[in-house]
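Right, one structure below, let's go through it.
The chains referred to below are lettered A, B, ... by the order of the sequence lines, with proteins before strands, and numbering in each begins at 1.
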There are 2 protein chains.
Amino acid sequence: MKQKEYLKDDTIGALNRHKILAAAEQEFALNGFAGTRVQQIADRAQLPKTNVLYYFKSKEGLYLALLEDILSLWNGQFDEATAEDDPATVLANYIRDKMEISRTRPDASKIFALEIINGAPNLSSFFKDQHASWMKDRVNVIQQWIDAGKLAVKDPYYLLFNIWATSQHYADFSAQITGLRGKPMGSEDYADATQNLVELILVGCGLKVPDVNNS
Amino acid sequence: MKQKEYLKDDTIGALNRHKILAAAEQEFALNGFAGTRVQQIADRAQLPKTNVLYYFKSKEGLYLALLEDILSLWNGQFDEATAEDDPATVLANYIRDKMEISRTRPDASKIFALEIINGAPNLSSFFKDQHASWMKDRVNVIQQWIDAGKLAVKDPYYLLFNIWATSQHYADFSAQITGLRGKPMGSEDYADATQNLVELILVGCGLKVPDVNNS
DNA sequence: CAAAAACCAGACCACTTGGTCAAGAGTGGG
DNA sequence: CCCACTCTTGACCAAGTGGTCTGGTTTTTG
């Protein structure tokens with residue numbers, strides 16, 4: 001029984017694991033893996049350092065567990081779209097999804113960014129493979145749109161890169177954005193930025209911007 | 001006299017300083033500040049560790065010196081543009097500039113990104129002020145274009161953020177891009193990506209894409 | 001109600017790492 | 001040639017850090 005115990009959500013163990021992961025997400029996002037002290041995570045989680053190491057074998061183990069959680073965010077609606085769907089709607093929703101993640105999970109986004117900048121040393125080849133095959137599928141759908149004359153874009157890869165870059169930018173570079181705007185992005189600002197981005201990308205692809213009210 | 005000595009470019013000291021900075025740029029980009037060992041920098045520069053500390057007071061001093069070098073890249077042609085200039089040309093050139101920096105100085109771009117993600121703890125308020133006032137000027141010019149009906153964009157800020165995001169993405173996320181494309185970006189790929197991006201942004205702003213051959 | 005498992009936490013340690021020191025080796029101008 | 005200055009380098013150290021150990025307390029379970 002004990003092995004399954006921690007899968008339940010209401011045990012004290014599951015609760016602490018959750019607290020630790022949440023604390024670790026903030027600390028790793030702010031200081032990177034090497035720059036984060038286990039003690040800092042413990043402090044933030046309001047637990048003694050020893051407890052952190054009790055629930056997770058090591059600092060690296062904790063980081064990897066966290067990373068796995070974070071990677072599960074990298075799936076969204078666009079996953080199921082097919083060539084028959086309307087590109088404008090699909091892309092608009094995908095962009096809105098990505099922006100919503102940036103807004104609600106900025107630390108997760110930052111950790112992912114840090115990981116990639118450092119050459120993705122900890123991304124499992126499982127994730128990489130999965131990610132690559134997801135990409136192939138999506139590129140394929142986009143290419144069909146292009147071939148059908150629905151999309152004025154030359155290369156599907158660049159389109160996706162541009163969407164990722166712009167949407168993640170709001171999370172990853174929030175310090176710069178806040179500094180330059182003079183105030184942090186509120187949720188209305190995010191709504192503006194999202195609408196702006198949707199229009200830029202869609203118009204840039206020769207599409208008409210669909211109504212806002214469809215998810 | 002000794003104080004000016006290191007400003008000369010051909011002394012042994014200037015040479016070593018240069019080697020150390022170059023080595024540090026690579027190491028810091030790959031491992032972040034906390035994750036980089038002074039010894040690693042020394043090894044890459046092919047000098048004993050003590051020498052690194054001889055030329056730069058401390059690891060932090062070295063990092064700050066490097067950062068200052070890097071920040072000097074954040075100026076470009078767009079700086080001198082006025083509301084009388086043609087927005088399509090100015091923006092296209094600005095995007096090309098940014099992409100060129102991503103291609104030729106990816107490590108510098110990564111270090112800047114790491115710095116921002118971590119909340120920009122080491123950016124001098126001098127740089128921040130300078131950056132903010134640059135921003136105000138540029139936003140002003142863009143706003144004039146908008147007011148004159150030359151540019152179909154609602155907010156100048158978001159336009160600039162989007163340009164930065166997309167162009168820096170190619171440097172900062174090169175590991176992901178390489179993984180997904182199956183091969184690293186060559187200079188022809190960069191040319192393609194640049195042209196693609198210029199078209200996306202300009203068309204997205206309701207502009208016509210000018211000829212490639214003007215810098 | 002035991003016994004076993006899960007949880008808690010202070011004391012402690014091996015090791016890494018930035019940085020210092022001191023002693024010497026080049027080097028250039030007067 | 002000598003003297004001041006720059007440069008080089010091995011030996012060394014104090015502080016910080018991830019992680020263990022041990023002994024205990026609480027919770028679960030048969």
Side-chain angles (χ1 to χ4, degrees), chain A residues 1-28 30-67 111 118 121-122, chain B residues 1-28 30-67 111 118 121-122:
Chain A
M1 296 300 113
K2 64 191 154 173
Q3 282 299 43
K4 285 184 181 171
E5 193 63 29
Y6 79 96
L7 291 176
K8 291 201 292 184
D9 253 16
D10 55 345
T11 64
I12 181 160
L15 206 74
N16 279 338
R17 247 174 272 268
H18 202 246
K19 269 167 47 174
I20 293 169
L21 283 171
E25 184 169 313
Q26 295 184 63
E27 291 298 329
F28 283 137
L30 198 56
N31 309 110
F33 177 77
T36 297
R37 303 288 95 101
V38 176
Q39 185 67 59
Q40 293 172 357
I41 298 173
D43 288 349
R44 189 179 286 276
Q46 290 183 297
L47 289 170
K49 186 183 79 168
T50 335
N51 274 29
V52 175
L53 276 315
Y54 169 74
Y55 284 106
F56 297 88
K57 274 188 216 311
S58 64
K59 183 183 169 185
E60 196 185 347
L62 168 56
Y63 179 75
L64 291 176
L66 178 61
L67 200 55
I111 289 170
N118 292 342
N122 295 299
Chain B
M1 297 303 109
K2 63 195 151 167
Q3 282 298 44
K4 284 185 181 171
E5 194 64 28
Y6 78 97
L7 291 176
K8 290 202 293 186
D9 253 16
D10 54 346
T11 64
I12 182 161
L15 207 74
N16 280 339
R17 248 174 269 268
H18 202 246
K19 269 167 49 176
I20 292 169
L21 283 171
E25 183 169 314
Q26 295 183 61
E27 291 298 330
F28 283 137
L30 198 55
N31 310 110
F33 177 76
T36 298
R37 303 288 93 101
V38 176
Q39 186 67 58
Q40 293 172 358
I41 297 173
D43 288 349
R44 188 178 287 275
Q46 290 184 296
L47 289 170
K49 186 183 80 167
T50 335
N51 270 28
V52 174
L53 276 314
Y54 169 74
Y55 284 105
F56 297 89
K57 275 189 216 309
S58 64
K59 183 184 171 185
E60 196 185 347
L62 169 54
Y63 179 76
L64 291 177
L66 178 60
L67 200 55
I111 289 171
N118 291 341
N122 295 298

| task | For B:Asn51 and D:dT9, give me the distance from atom CG to atom C1', rounded to whole Å. | result | 7 Å
| query | How long is the line joining NZ of B:Lys57 and P of C:dC21, in whole Å? | reply | 14 Å
| query | D:dT8 phosphate, OP1 or OP2: any side-chain N/O from B:Asn16 under 4.0 angstrom? | reply | yes
| task | Return no unless some side-chain N or O of B:Tyr55 is found under 4.0 Å from OP1 or OP2 of D:dT8. | result | yes
| said: Measuring from the side chain of B:Lys59 (C-beta onward, heavy atoms only), which nucleotide among D:dT9, D:dG18, C:dG19 has the closest atom? | reply: C:dG19
| query | What is the distance, rounded to the nearest whole Å, between atom CZ of A:Arg17 and atom C1' of C:dC8? | reply | 14 Å
| remark: With sequence neighbours left out, the residues meeting side-chain hydrogen bond (donor to acceptor under 3.5 Å, both in side chains) with A:Gln26 are A:Arg44
| task | Return yes if some donor-acceptor pair links the side-chain N/O of A:Lys59 with the main-chain N/O of A:Thr36 below 3.5 Å, else return no. | result | yes
| remark: Between CZ of B:Phe56 and C1' of D:dT8 the distance, given in whole Å, is 16 Å
| said: So A:Leu64 and A:Phe56, do their side chains get closer than 4.5 Å, heavy atoms only? | reply: no
| request: Round to a whole Å and report the spacing from CD of B:Glu27 to C1' of C:dT17. | output: 15 Å
| query | Which nucleotide in the set C:dC7, C:dA9, D:dT9 lies at the smallest distance from any side-chain heavy atom of B:Thr50? | reply | D:dT9
| Would B:Leu21 and B:Leu62 count as a side-chain contact (heavy atoms from CB on, under 4.5 Å) if you check the C-alpha gap in whole Å, the side-chain angles of each, and the deciding distance to 0.1 Å? | CA-CA 8 Å; B:Leu21 283 171; B:Leu62 169 54; 3.8 Å; yes
| request: Return the orientation label for the A:Phe28 and A:Phe33 ring planes: parallel under 30°, perpendicular over 60°, tilted otherwise. | output: parallel
| When the distance from CG of B:Leu53 to C1' of C:dG19 is rounded to whole Å, what number comes out? | 6 Å
| Do A:Lys49 and D:dG19 have a side chain to base donor-acceptor pair shorter than 3.5 Å? | yes
| Partners of A:Gln39 by side-chain hydrogen bond (donor to acceptor under 3.5 Å, both in side chains), sequence neighbours excluded? | A:Asp43
| said: Between P on D:dT28 and CD1 on A:Ile12, what's the gap in Å once rounded to a whole number? | reply: 9 Å
| query | Should A:Tyr54 be listed as having a side-chain N or O under 4.0 Å from OP1 or OP2 of C:dC7? | reply | yes
| task | Might you work through the side-chain contact (heavy atoms from CB on, under 4.5 Å) test for A:Glu60 and A:Asn122, ending with a clear yes or no? | result | CA-CA 10 Å; A:Glu60 196 185 347; A:Asn122 295 299; 4.3 Å; yes
| Roughly how many Å is it from OH in A:Tyr63 to C1' in D:dG19, rounded to a whole number? | 20 Å
| query | Going by number, which of residues 34-41 of chain B have a non-hydrogen atom under 4.0 Å from DNA chain D? | reply | none
